[in-house]
Amino acid sequence: MLKSSVVILALLTSAAGCGAKDGDKPAGDKPAGDKPATADKVAEDKPAEKSVTKGRGTGPSTNLGPSPAKDKEFLGLELPPMGAWKPEWDPDAKVAKWSNDDYMTGIVIRIVKDQLDNVDDLKTEAPMMMQLGTAITKIVEEGKGKLGWWAIVESDEGKNTTMIYVQKYADAQIVCSGNLTPRKDPTSAGGITKDEVMKACESVKVKG
């Protein structure tokens, strides 16, 4: 009887020991519940990275906004009226200008791609420019204005005097000009004043 009790007690003790070993884990091991949490965090992080690199993007925009162009009405510019000088658009010549019934010529604006950074560039391009069409023979005056630089030049061996105002905008150059040649009579070209040309050229704005 005693021997049987000892055997039963030994069996019970062994079973309890086995249960304790199954439930225990080494002190250095992480709980099993940590693994799903770590996987979830990684899964959450990845979509966030994709949204930055593959979404709408966070880099600088390539859209520079409104700009002057030959194919736009009035070249994409705003020309305010100035008393008797009225804005006018020539869609065939791609020229915007201010016209005045008292003058044969107007204050003309064109968009060009030529390099016109200074007077030397102007001298180089003058024979090909609609505003001049011939070589510059003399620089009468030059200076810097609110929107760019300007020069008053003589061409055609001193027969013509023209004011040229150059405004750079993005990859285009707005060239504004007026004929300052003194008029012999009301039917002759020229006669526009420096102040009129300056006022007109510095009133030009790119449409927003």
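In this chain, residues are counted from 1 in sequence order. A quick note: this is a predicted structure, and the numbers were derived from the prediction, not measured.
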What residues form a side chain to side chain donor-acceptor pair (under 3.5 Å) with T161, not counting sequence neighbours?
-> none
Nearest heavy atoms of P186 and M104, plus distance in Å = O-CG, 4.5 Å
How would you list all residue pairs meeting salt bridge (Lys or Arg N to Asp or Glu O under 4.0 Å) that involve residues 94-105, not counting sequence neighbours?
-> none
Distance-minimising heavy-atom pair for R183 and G190 | CD-O, 3.0 Å
Please check if any side-chain donor atom of T193 sits under 3.5 Å from a side-chain acceptor atom of D195, or the reverse.
-> no
Keeping to residues at least two apart or across chains, list the salt bridge (Lys or Arg N to Asp or Glu O under 4.0 Å) pairs with something in residues 113-134.
-> K113-D171, D117-K168
Summary of salt bridge (Lys or Arg N to Asp or Glu O under 4.0 Å) pairs that have at least one residue in residues 140-153, sequence neighbours excluded = E141-K194
Distance-only donor-acceptor check, side chains T187 and D185, under 3.5 Å = yes
Roughly how far, to the nearest 0.5 Å, is CG of L180 from CD of E154?
-> 10.5 Å
Taking only residues two or more places apart in sequence, or in another chain, which ones meet A135 in a side-chain contact (heavy atoms from CB on, under 4.5 Å)?
-> none
Please collect all salt bridge (Lys or Arg N to Asp or Glu O under 4.0 Å) contacts where either partner lies in residues 198-208, sequence neighbours excluded, each pair once.
-> none
Atom CD1 of I192 and atom CE of M163: how far apart are they, to the nearest 0.5 Å?
-> 11.5 Å
Give me the other members of the hydrophobic cluster that V119 sits in, counting Ile, Leu, Val, Met, Phe, Trp and Tyr linked by side-chain heavy atoms under 4.5 Å, directly or via other members.
-> V112, L116, L122, M129, L132, I136, I139, W149, V153, I164, V166, V175
The complete set of disulfide bond (SG atoms under 2.5 Å apart) pairs with one or both residues in residues 120-205, sequence neighbours excluded, reads C176-C201
Are the side chains of Y165 and L147 in touch, meaning some heavy atoms are under 4.5 Å apart?
-> yes
Who passes side-chain contact (heavy atoms from CB on, under 4.5 Å) against T134, sequence neighbours left out?
-> S155, D156
Quick note, ring-ring contact (aromatic ring centres under 6.0 Å, His included) partners involving residues 178-208, not counting sequence neighbours, are none
In terms of heavy-atom contacts, V204 and W98 come closest through CG2-CH2, 3.6 Å
Just distance, no hydrogens or angles: give the donor-acceptor pairs under 3.5 Å from side chains in residues 76-87, sequence neighbours left out.
from	atom 1	to	atom 2	distance (Å)
W85	NE1	E196	OE2	3.2
K86	NZ	G83	O	2.9

Does F74 reach the side chain of I109, with side-chain heavy atoms less than 4.5 Å apart?
-> no
Which residues, ordered by chain and number, are linked to V108 in its hydrophobic cluster, where ILVMFWY side chains connect at heavy-atom gaps below 4.5 Å, directly or through other members?
-> V95, M130
Contact summary for Y169 and V206, nearest pair of heavy atoms = CE1-CG2, 3.6 Å
